[in-house]
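Start at 1 and go down the list; that is how both ligands and their atoms are numbered.
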Amino acid sequence: MTGQYKLTYFTIRGLAEQTRLLLNDHGIPFEDHQVERADWPKIKPTMQFGQVPCLHDVDVQIVQSGAIMRHLARKHDLYGENDCDRTYLDMFFDGIQDLHSKYVQMIYREYEEKKDDFVKNTLPEELAKFEKLLKSKKDGKGFILGDKISFVDYTLYEELDILQILDANCLNAFPALKAYHERMNIRPNLQDYLKHRELAKLPVNANGKQ
Ligand SMILES: N[C@@H](CCC(=O)N[C@@H](CS)C(=O)NCC(=O)O)C(=O)O
């Protein structure tokens with residue numbers, strides 16, 4: 001059963017993985033439509049901004065990864081309880097996007113020259129900010145909002161996951177983030193999905209660097 005949602009993206013984790021994680025963790029059925037690069041020129045003109053990820057909610061086309069995540073959050077009670085929570089989640093989400101942009105720049109444009117510098121200097125500086133923010137609610141022992149899981153937990157979990165693929169030790173100096181990643185990692189529905197993803201050998205990025 002694939003349900004009302006169809007997620008279109010390439011055969012990588014990239015910008016769609018946070019959405020795949022959210023949907024799988026909540027047992028929300030969807031069609032995971034993975035497009036091969038060779039088929040992209042046909043599909044590109046059908047997307048509002050000529051890009052993916054794209055979520056079809058029945059016949060409504062939604063693009064922009066943040067809009068997709070917020071759409072699902074509003075529909076599935078993953079956007080906090082009030083305006084204050086929602087503003088905090090938006091802030092946290094955009095903070096992760098800033099870090100992710102630096103990661104993408106390094107992966108796709110400067111991997112050979114800049115990877116070591118990114119791991120040694122950029123990551124500790126950036127991760128310290130998230131460690132502090134996470135600890136500001138429930139001493140970092142719950143979710144981003146404290147007690148209630150939200151859409152941004154999937155964005156943070158995915159970011160921490162790919163950063164540990166880049167450098168297995170990058171969370172060692174950040175115990176709250178490390179424990180958070182471990183807690184998210186053992187959620188039963190995520191475990192099932194992660195096993196399936198492992199078998200599918202879904203790459204993190206399109207250029208084979210990670
Ligand atoms: N701001 C957009 C960026 C989307 C984006 O950069 N998509 C890339 C893949 S990660 C894409 O569709 N590339 C193919 C193209 O531009 O032709 C988002 O967050 O969804």
(request) Among all protein heavy atoms, pick out the one at the shortest distance from atom 10 (S) of ligand 1; state its residue, atom name and that distance to 0.1 Å. (result) Tyr9 OH, 3.1 Å
(request) Specify the protein heavy atom at minimum distance from atom 15 (C) of ligand 1: its residue, its atom name, and the distance to 0.1 Å. (result) Lys44 NZ, 3.4 Å
(request) Establish, from distance only, whether the side-chain atoms of Tyr88 and Asp83 form a donor-acceptor pair under 3.5 Å. (result) no
(message) When you compare the side chains of Ser150 and Asp153, does any donor N or O come within less than 3.5 Å of an acceptor on the partner?
(response) yes
(message) Quick test: of every protein heavy atom, which one is nearest to atom 20 (O) of ligand 1, and how far off is it to 0.1 Å?
(response) Ser65 N, 2.9 Å
(message) Starting from atom 4 (C) of ligand 1, what is the nearest protein heavy atom, named by residue and atom, and what distance separates them?
(response) Gln51 OE1, 3.3 Å
(request) Please write down residue, atom name and distance for the protein heavy atom closest to atom 1 (N) of ligand 1. (result) Gln64 OE1, 2.6 Å
(request) Around atom 14 (C) of ligand 1, find the nearest protein heavy atom and jot down its residue, atom name and distance. (result) Trp40 NE1, 3.5 Å
(message) Side chains of Arg70 and Tyr79 only: does a donor on one sit below 3.5 Å from an acceptor on the other?
(response) yes
(message) Does either side chain, that of Asn207 or that of Tyr108, offer a donor lying less than 3.5 Å from an acceptor on the other one?
(response) no
(request) Would you mind checking which non-hydrogen protein atom is closest to atom 9 (C) of ligand 1, with the distance to 0.1 Å? (result) Val52 O, 3.7 Å
(request) Would you mind checking which non-hydrogen protein atom is closest to atom 13 (N) of ligand 1, with the distance to 0.1 Å? (result) Phe10 CE1, 4.0 Å
(request) Please determine if Lys209 and Glu112 form a salt bridge, counting it only when a charged side-chain N lies under 4.0 Å from a carboxylate O. (result) yes
(request) Examine the side chains of Thr11 and Gln34 and answer whether a donor and an acceptor come within less than 3.5 Å of each other. (result) no
(request) Using a strict 4.0 Å cut-off to heavy atoms of Pro53, name the atoms of ligand 1 that fall inside it. (result) 20 (O)
(request) Give, for atom CD of Gln191 and atom CD1 of Ile186, the distance between the pair rounded to the nearest 0.5 Å. (result) 8.0 Å
(message) Using heavy atoms and a 4.0 Å limit, tell me yes or no: is Gly14 in contact with ligand 1?
(response) no
